[in-house]
Amino acid sequence: MNIRLGMSIALVAILEIGCSATPALIRVNNAPPTGQPFDGVPMRLKKPQIVEVYRLDPDSDEYKPVATSVQNLADQATLYAVDVVAAPFTSPSLHITEYSDNTPKSLQVTSSNNSSGAIDAATAGLTGVTTARSTRTASCQTSNSAVVSADQALASARASYDNLSATASPELRAAYQQILANAQAAADYARKNPLCD
């Protein structure tokens, strides 16, 4: 019982430590081919970029700059993946809101603590071990009792055979020898197949 209580306290301490989740932004250096899965939700981050607007000049048939400005646009050169790093016994949920250009508007991670379920499972496991030990102990006692009973039956059969009168018929002697052989086989079996060490 002390082992079970100590294990439960240790489990609670471990479970309370490891029940959090945080978002992780990972740069994808080698993007997988289209349609191939990879860990995380793909997205691009905004980056300041120079935007130039050109107009075709009908006189020279050339494009000429009309306007230049710096805009925050999705960086098409770099792909990121948003994933969740979660501690054991946590059920994380990632909520992403994106702009139309696939850049993040908001990221939110929520998590629920499953430590009570884990504690229940661990306690059930410890209870199962305790029950198995109790059952094994009872089985050992029954097995030991069977060995003692088989030895007693063998001793009784030998005593009965040894106490036969000299005038006992061959049939009676043969019947006692069969009883003695059966008792010997039962005792040998009980000793060869113990349920406990």
Side-chain angles (χ1 to χ4, degrees), residues 1-137 139 196-197:
M1 191 65 165
N2 287 341
I3 292 173
R4 194 167 147 201
L5 178 62
M7 290 292 288
S8 294
I9 291 170
L11 280 172
V12 169
I14 290 169
L15 296 175
E16 290 303 320
I17 290 170
C19 296
S20 64
T22 57
L25 186 64
I26 303 157
R27 184 177 180 160
V28 180
N29 292 324
N30 296 319
T34 303
Q36 294 296 316
F38 68 98
D39 292 337
V41 177
M43 70 174 41
R44 302 198 183 273
L45 299 180
K46 289 189 181 218
K47 176 180 171 185
Q49 299 181 40
I50 298 173
V51 176
E52 295 178 336
V53 179
Y54 289 85
R55 183 178 75 193
L56 181 62
D57 182 4
D59 296 333
S60 65
D61 200 28
E62 293 180 0
Y63 285 97
K64 294 189 177 181
V66 176
T68 302
S69 69
V70 176
Q71 299 287 323
N72 280 328
L73 300 173
D75 180 9
Q76 296 300 314
T78 310
L79 179 66
Y80 291 91
V82 178
D83 208 351
V84 176
V85 176
F89 312 112
T90 302
S91 293
S93 180
L94 177 62
H95 307 278
I96 300 174
T97 306
E98 296 177 323
Y99 292 106
S100 60
D101 62 356
N102 195 31
T103 57
K105 186 175 189 179
S106 69
L107 293 172
Q108 179 185 13
V109 174
T110 59
S111 63
S112 59
N113 182 341
N114 293 333
S115 61
S116 63
I119 290 172
D120 291 345
T123 301
L126 291 172
T127 301
V129 168
T130 302
T131 301
R133 284 181 179 164
S134 298
T135 303
R136 188 175 196 287
T137 300
S139 297
C196 50
D197 300 329

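Treat the numbers as computed from the prediction; the structure is a model and nothing was measured.
Rounding to the nearest 0.5 angstrom, the gap separating the CG atom in L94 from the CG atom in D83 is 7.5 Å. The distance from atom CD1 of I96 to atom NZ of K105, rounded to the nearest 0.5 Å, is 14.0 Å.
The 12-atom threshold is exceeded at CG of L56, counting heavy atoms of other residues, nucleotides or ligands nearer than 6.0 Å. Counting heavy atoms of neighbouring residues, nucleotides and ligands inside a 6.0 Å radius, atom CG of D39 does not exceed 12 of them. The 12-atom threshold is exceeded at NZ of K46, counting heavy atoms of other residues, nucleotides or ligands nearer than 6.0 Å.
Considering all non-hydrogen atoms of both residues, Y80 and R27 come closest at CD2-CA, 3.6 Å. Between M43 and E98 the shortest heavy-atom distance is CE-OE2, 3.6 Å. Across A81 and G40, no two heavy atoms sit closer than the pair CB-CA, 4.2 Å.
A donor-acceptor contact closer than 3.5 angstrom links the side chains of Q71 and S69.
Using a 4.5 Å heavy-atom cutoff, the side chains of D75 and L45 are not in contact. I50 has its side chain within reach of T68: a pair of non-hydrogen atoms, C-beta onward, lies under 4.5 Å apart. Between P42 and V28 there is no side-chain heavy-atom pair separated by less than 4.5 Å.
The backbone N or O of L73 lies less than 3.5 Å from a partner atom in the side chain of Q49, making a donor-acceptor pair.
Salt-bridge formation is detected for the pair D57/K64: a Lys NZ or Arg NE/NH1/NH2 atom is positioned less than 4.0 Å from an Asp or Glu carboxylate oxygen.
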